[in-house]
Structures are given as C-alpha cells and as structure tokens.
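For reference, the structure discussed in these notes is given below.
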Amino acid sequence: MSDKPGMDDGHEVWITGIGLISSLGEGLDAHWQALAIDPPKPAAAETERFAPFPVLPMVPLELDKQIPRKADQRQMEPWQRLGTYAAGLALADAGLAGDLERLAHMDMIVAAGGGERDVDVDGQILAGLSGGAQPEAFLNERLANDLRPTLFLAQLSNLLAGNISIVHKVTGSSRTFMGEELAGISAVEIAARRIRAGQGEQFLVGAAYNAERKDMLLSLALGNTLWQGAVNSVWERANAGGGMVTGSIGVFLVLESRASAEARGKTAYAKLGPVLSGRSRREPGQAAAVARGQVETLKPALGDKPVGVLSGATGIGPATLEERALLEELVAAGTVGPVRAPQSLIGNGLEAAFPAQVALAALALSRKGFYRPADPTGLELEAAEAPTQIIATSWGFWRGEGMALVEAID
C-alpha cells in the first residue's frame, strides 16, 4: 500500500492517452508550443459575430481523420463532432484505437451540456409573437410544426457518448453528467474512484464545448458572466469588473489502472492522484473555504519540491479574486509554487474546463517542464524548476469547486 491518499499499487490511476483540441490547435504538440515555448497569447478571437462578447473558436479540423463516415458527421451537432474527434485522438494516443477486444470492455464517462437550439426558428417565433393578433395560437402552431421530435432527439446530452460508441466502438458502460464545470470534475472523479476500487481497468473520460453558440452566449450574458472587450488574462479581468471568455474545447483522457497499462506495455503521461469536488452557494468566502479544505486533504500527498498550480479561474470577479487571494496565501506559505491560469489563453469550455486542466497538467509533467506566465498583474511568476506535482483546480463560473493532484511517473 502507498502512503498517499487514494493510491494503491496496481490500482494507481495512470493517464495513458490524451486527445485535446482548442483554439490553440490540435494535439499535444500544438498546445505545448503555444503555452510553453511561444510567447503566450490567446488565439485570434471572434469579435464580430457575437459582439460585444469575444469568443475563442475551434481551429479548423479535418473531421474525416477521426469521423470517417460523412453520414456520422452530418447527424452530429458541432459540439458532438468536437467530442467525438477528441475521443478518437485520445484512443489513438493510448494505443487503443481499433483494439476491439479492449474497446468492448472500456467504460466511458462524459460531461455534456444540452443540445444546441435552432436559433433561426427561435428568432422567427419571437418575431411572430411580437406582432401577432393571436400569439397563443401562433406559438402552439409553430411549436408543433417547427420543433420536430427528431430535433430534440438529436440534442440529447448522452448522444456524445452514443456517437463515440458508434464511431470508435467503445461499448462498455456509459455515463453522462450534466452541470457545467462540475460535470467535468465529477466525470474525472468517478472514473478515478472506480479504477482505485477495482471496478474498471480502462476509462474514456472527457467533454466538449462549442463556444460559437448564440443560445449559450445569450444565457451566459443574461447572468452577467461574460467579458466584453479584448481578451486578456483572467486576473486582469477580475480586477476590471470581471467576466469570462468562452472557448471551444474538445478533450478526452484515457484513464487506466497501472496494472492494465503495464500489462500491455504502455507508459503514461502522469498518474492521477486524489480528485476532489465541492459546491458552495458562492456567498463571500464560501468557495475559498471549500478550496482550502481540498488543499488540506491533498497536503499529505505533496512532496518537498514546489507544486505547480493550473488555476481554473474564469475571470469572473468575486470568485477569481477569492481564488487569487487563496493562491497568494499558499504561495507565501510555500505550499504551492508557480501558478498558471490556462483560461487566459484557451477560454472557458464549461464541461470541458476541468478535463482540459488535467490534460495540460499531465502534458507538462511528461515534458518535464511548465507553462510560461501569461499575467501582467504579478501572480504568475517564472518557474525556478519544473514541478513534479501539479494541482489542477476548477472554479465554475456559477457553482462547483474542484481540484486534482497530477503527479509525474517515478
């Protein structure tokens, strides 16, 4: 038995495959180049189509590489294509693509939002309601004729998992979580717990988010959560009223027991330590209290070297300022070392935010390096040495506080 919480010999959780696509590029090399080697800056934002809100769009993808059949591509919504594509990358990276025997027993946990609305139909209905003599009858007629049952079926959240099963033949158990960033935390947390408990050997875990959605932007704007203006660091935004920038992300991880990976001769990017989730009402100080308790839980597993932090700060004022104050406290105490906030550069992918944090942490540990600071306010400082442990945090834009400890393979 290991003396680290949640770690148990062959039931250690290893990250053996990563599929990551975002506005910064496709694959791990592209993200390492953009975040660790080049001067860090966000990709060109889409500032006209969704004005006044900037959006970080997905890079162009050759969908045929991971979704060969055009018929499959056509019946998916954009967010489903992103997720299915990223899942294919992860399986190929783990050496499992096409391995039908293993895929038949691979479990899958997906974090997903709701389907995309037909914005044109919504607009027509709203326009008709405003000038119609009989708005109730008009509404009933349009709802009956324009919003077909098949449209709703195509929007079910669990269809991302279904499409992955169809395209990539992952046909073990399947579970889909909903609930913004907390869904992504729960997906990783439950998969890791099941591996540690011996309830599964290989899990495909991840999420996707299409930021180019007027319906989602409208919902987020009504909650006063979006940033207006040039895309800058989350720390700058928090100091100037706050707001998040959404970004399209597709990310999947292959989580595998150490015993399973070693049996097939597969090395890992990193091992996944404790994954913790919590929820508060976000009254002043509550989110920080949840996060402080999670840090205390992780402390017995932390080594002597500086621990890197990939902060899940969104840029929304109160929560980001709370997290900054907590991080400054932890840095001053020597509990953690260099801090980075990836959402400054890739935006918030909601359900995909936390799996992306874990993916980036594993990437940095496997490359024995860390990401460059992208913050003129002074919180993000140069790393004196590459960390061997990284805490990935997530502070949801509305609810949900979580973190995971990701560690280098000895």
Side-chain angles (χ1 to χ4, degrees), residues 20-25 30-31 34-35 38-59 78-79 82 113 116 180-182 184 207-251 310-324 339-357 359-360 371-377 379-380 392-400:
L20 180 61
I21 53 177
S22 76
S23 58
L24 294 180
H31 285 84
L35 294 169
D38 294 340
K41 63 178 181 180
E46 172 59 64
T47 58
E48 296 183 3
R49 288 170 54 207
F50 311 107
F53 309 115
V55 166
L56 297 174
M58 180 60 66
V59 294
W79 69 278
L82 299 183
E116 300 182 19
E180 290 90 27
E181 293 94 338
L182 190 53
Y209 180 72
N210 172 31
E212 299 178 74
R213 288 179 55 176
K214 290 183 178 179
D215 57 328
M216 277 300 300
L217 287 168
L218 174 61
S219 176
L220 295 170
L222 291 173
N224 296 314
T225 63
L226 294 179
W227 176 252
Q228 301 181 36
V231 179
N232 53 10
S233 81
V234 296
W235 314 115
E236 290 177 283
R237 284 183 245 146
N239 289 330
M244 69 178 177
V245 175
T246 57
S248 294
I249 299 173
V251 56
L310 292 185
S311 163
T314 61
I316 294 175
T320 298
L321 293 174
E322 267 193 35
E323 183 170 11
R324 177 174 185 138
V339 175
R340 303 289 183 264
Q343 287 194 32
S344 296
L345 302 176
I346 66 174
N348 186 5
L350 300 186
E351 293 83 9
F354 186 71
Q357 294 278 85
L360 291 173
Y371 302 111
R372 300 182 64 175
D375 164 41
T377 71
L379 176 61
E380 299 184 19
T393 79
S394 178
W395 288 45
F397 80 92
W398 178 66
R399 290 283 193 274

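Residue numbers run from 1 in the order of the sequence given. The basis for the numbers below is simple: all heavy atoms, side chains too, and nothing from hydrogens, waters or symmetry mates.
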If you look at every heavy atom in Ser23 and Leu345, which pair is closest and at what distance?
OG-O, 4.1 Å
Does the side chain of Asn232 come within less than 4.5 Å of Trp227's, by heavy atoms?
yes
Measure from the side-chain N and O atoms of Tyr371 to the backbone N and O of Leu360, and report whether any donor-acceptor pair falls under 3.5 Å.
yes
Judged by atom type as modelled, is there a donor-acceptor pair below 3.5 Å linking the side chain of Gln357 to the main-chain atoms of Thr393?
yes
Rounded to the nearest 0.5 Å, what's the gap from CG on Leu24 to NZ on Lys41? Could you check?
11.0 Å
Is Phe354 close to Glu181 at the side-chain level, that is, under 4.5 Å between some pair of heavy atoms?
no
Please confirm whether the backbone N or O of Ala211 pairs with a side-chain atom of Ser248, one donor and one acceptor, at under 3.5 Å?
yes
To the nearest 0.5 Å, atom CG of Leu350 lies from atom CH2 of Trp398 at 13.0 Å
Whether the side chain of Glu380 engages the backbone of Arg340 through a donor-acceptor N/O pair (distance < 3.5 Å, no angle test) should be reported.
no
Minimal heavy-atom distance between Pro57 and Ala44, with the atoms involved, is CD-O, 3.7 Å
Of all the heavy-atom pairs spanning Pro373 and Pro40, show the shortest one and how long it is.
O-CG, 3.2 Å
Could you list the donor-acceptor pairs under 3.5 angstrom formed by side chains in residues 216-226, with sequence neighbours left out?
{"residue": "Thr225", "atom": "OG1", "partner": "Leu220", "partner atom": "O", "Å": "2.8"}

Please tabulate, for side-chain N and O atoms in residues 310-322, each donor-acceptor pair with protein atoms closer than 3.5 Å (sequence neighbours left out).
{"residue": "Ser311", "atom": "OG", "partner": "Ala313", "partner atom": "N", "Å": "3.0"}
{"residue": "Ser311", "atom": "OG", "partner": "Glu323", "partner atom": "OE1", "Å": "3.4"}
{"residue": "Ser311", "atom": "OG", "partner": "Glu323", "partner atom": "OE2", "Å": "3.1"}
{"residue": "Thr314", "atom": "OG1", "partner": "Ile316", "partner atom": "N", "Å": "3.2"}
{"residue": "Thr320", "atom": "OG1", "partner": "Gly315", "partner atom": "N", "Å": "2.9"}
{"residue": "Thr320", "atom": "OG1", "partner": "Ile316", "partner atom": "N", "Å": "3.3"}
{"residue": "Thr320", "atom": "OG1", "partner": "Ile316", "partner atom": "O", "Å": "2.9"}
{"residue": "Glu322", "atom": "OE1", "partner": "Ala288", "partner atom": "N", "Å": "3.0"}
{"residue": "Glu322", "atom": "OE2", "partner": "Gly285", "partner atom": "N", "Å": "2.7"}

Shortest non-hydrogen separation from Thr377 to Asp375 and the atoms involved:
OG1-OD1, 2.6 Å
Grab the two heavy atoms, one from Pro42 and one from Ser344, that are nearest each other, plus how far apart they are.
CB-O, 4.1 Å
The reported gap from CD1 in Ile346 to CG in Leu56 (rounded to nearest 0.5 angstrom) is 9.0 Å
Taking every heavy atom of Ile249 against every heavy atom of Ala356, the minimum-distance pair comes out as CG2-CB, 4.3 Å
With the side chain counted from C-beta on, respond yes when Met58 and Ile21 share a heavy-atom pair under 4.5 Å apart, and no when they do not.
yes
Name the one of Thr246, Asn348, Val245 that satisfies side-chain contact (heavy atoms from CB on, under 4.5 Å) with Gln343?
Asn348
Please enumerate all residues that pass salt bridge (charged side-chain N to carboxylate O under 4.0 Å, His left out) together with Glu212, with sequence neighbours excluded.
Arg49
